[in-house]
Amino acid sequence: MTAPASLSQDELKTLVGRAALDHVVAGEVVGVGTGSTVNKFIDALGTVKERIAGAVSSSEASTARLKALGIRVLDANEVTSLSVYIDGADEIDGRGYMVKGGGAALTREKIVAALAERFVCIADESKLVQTLGAFPLPVEVIPMAAAQIARRFGAMGGQATLRLKDGQPLVTDNGQHILDVRGLSIADPLAFESEVNQWPGVVTVGVFAHQKARVCLLGTAQGVRTLTF
Ligand code: 5RP
């Protein structure tokens, strides 16, 4: 698919959202992520909804959008596996490792991704990075552990701040809080994810290395570039 050089970021998201339809398996349930890029995918999915059995969603926001288009939404407990999970990313590197959670849906995203055989990441080219960490790393935490976890990030050179919404701590779909950690450079995403995930009070760290992308549909001025990992 070729795109004119003048496409905006929003148009690039539309392009990859539509391209992701090629990865949806007819007759099956598809895993659906969260965010502005995924919203384009959901809109495209609405045009072929009779071809799928339904969706497992990673957030209340995506569930609402899917249902508004008449797409059946199944609970994650109702499926044993999914062929494909389609989601965006805040950063993706050349190995398919990602930072996610800019939309605060990281925990459910990781749960649905873990059900899927293949993670297909859809992103505009601004998301492709050499090393993860320039985007503030989202970490979902149990509120009573937030300060303790922030100190641990401080000890590794990061600065963690509590994400706010309307002046109050943002509350996730799971009733927890989000820390955003600046100043990290994540050279070994697999080790980093394993380490942070076992800190008491961490619900989910936004590094997706164990559930990395297998394919990335990258929206570029030249069209959709397909990266495989
Ligand atoms: C939500 C996410 C999103 O996938 C990520 O923030 C990218 O979003 P967008 O497509 O809006 O740039 O992880 O928790």
Side-chain angles (χ1 to χ4, degrees), residues 1-49 51-53 55-59 62 65-66 71 81-103 105-106 109-110 112-135 186 189-190 193 206-229:
M1 214 180 290
T2 306
S6 59
L7 285 190
S8 66
Q9 189 181 31
D10 191 65
E11 288 166 325
L12 292 177
K13 290 180 182 187
T14 303
L15 202 64
V16 293
R18 288 185 184 146
L21 285 185
D22 291 344
H23 293 263
V24 171
V25 183
E28 292 196 8
V29 176
V30 57
V32 176
T34 299
S36 57
T37 315
V38 163
N39 284 344
K40 307 291 192 183
F41 168 63
I42 294 175
D43 293 345
L45 200 58
T47 66
V48 298
K49 63 183 175 193
R51 287 194 220 150
I52 57 164
V56 173
S57 163
S58 63
S59 64
S62 288
R65 201 173 182 101
L66 288 159
I71 297 170
S81 68
L82 300 165
S83 297
V84 67
Y85 174 66
I86 294 173
D87 199 357
D90 298 303
E91 291 183 332
I92 181 162
D93 74 9
R95 297 171 289 182
Y97 298 142
M98 296 168 287
V99 163
K100 292 183 45 54
L106 64 163
E109 290 172 344
K110 210 172 264 193
V112 185
L115 279 170
E117 283 160 33
R118 221 150 61 102
F119 190 133
V120 175
C121 176
I122 50 176
D124 65 85
E125 61 189 340
S126 70
K127 308 292 183 67
L128 186 63
V129 299
Q130 286 282 339
T131 306
L132 302 179
F135 186 91
I186 304 167
L190 282 166
E193 183 181 8
V207 170
F208 281 54
H210 293 283
Q211 268 82 43
K212 75 170 196 166
R214 297 292 159 188
V215 176
C216 178
L217 304 177
L218 200 66
T220 77
Q222 288 73 44
V224 178
R225 213 176 123 202
T226 302
L227 313 176
T228 51
F229 312 101

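- Here the CD-CD distance, from E109 to Q211, works out to 11.5 Å after rounding to the nearest 0.5 Å.
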Could you check S8 against E11 for side-chain hydrogen bond (donor to acceptor under 3.5 Å, both in side chains), going step by step and ending with a plain yes or no?
CA-CA 5 Å; S8 66; E11 288 166 325; 3.2 Å; yes
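- Here the side chain of S58 pairs a donor or acceptor atom with the backbone of G33 at under 3.5 angstrom.
- By the side-chain hydrogen bond (donor to acceptor under 3.5 Å, both in side chains) test, Y85 pairs with D87, sequence neighbours left out.
- Between L190 and Y97 the shortest side-chain heavy-atom distance falls below 4.5 Å.
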Pair V24, V48 - check side chain to side chain contact (heavy atoms under 4.5 Å, CB included), show working.
CA-CA 10 Å; V24 171; V48 298; 5.9 Å; no
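- A55 approaches V32 most closely through the heavy-atom pair CB-CG2, 3.9 Å.
- The CD1 atom of I92 sits 11.5 Å away from the CZ atom of F208 when rounded to the nearest 0.5 Å.
- Here the straight-line distance linking atom OG1 of T131 with atom CD of E91 works out to 9.0 Å at 0.5 Å rounding.
- The shortest distance between side-chain heavy atoms of C216 and M98 does not fall below 4.5 Å.
- Rounded to the nearest 0.5 Å, atoms CG (L217) and CD1 (I86) are 8.0 Å apart.
- Applying the salt bridge (charged side-chain N to carboxylate O under 4.0 Å, His left out) rule to pairs touching residues 37-47 yields D10-K40, D43-R65, sequence neighbours excluded.
- No more than 12 heavy atoms of other residues, nucleotides or ligands lie within 6.0 Å of CZ in R51, so this atom counts as exposed by the packing criterion.
- In this structure, S36 and K13 approach most closely via the heavy-atom pair OG-NZ, 2.8 Å.
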Before giving the answer on salt bridge (Lys or Arg N to Asp or Glu O under 4.0 Å), spell out for E193 and K212 the whole-Å C-alpha distance, their side-chain angles and the decisive distance to 0.1 Å.
CA-CA 11 Å; E193 183 181 8; K212 75 170 196 166; over 6 Å; no
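- Using a 4.5 Å cut-off on side-chain heavy atoms (C-beta onward), V16 and F41 make no contact.
- To the nearest 0.5 Å, the span separating CZ on F229 from CG on D93 amounts to 7.5 Å.
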Please tabulate, for the side chains in residues 114-126, all donor-acceptor contacts under 3.5 angstrom to protein atoms that are two or more places apart in sequence or on a different chain.
unit_1	atom_1	unit_2	atom_2	d
R118	NH2	H23	ND1	3.2
D124	OD1	Q9	NE2	3.3
D124	OD1	S126	N	3.0
D124	OD1	S126	OG	2.4
D124	OD2	Q9	NE2	3.2
S126	OG	Q9	NE2	3.4

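- Put simply, CG on L218 and CG on L128 are 5.5 Å apart, with the number rounded to the nearest 0.5 Å.
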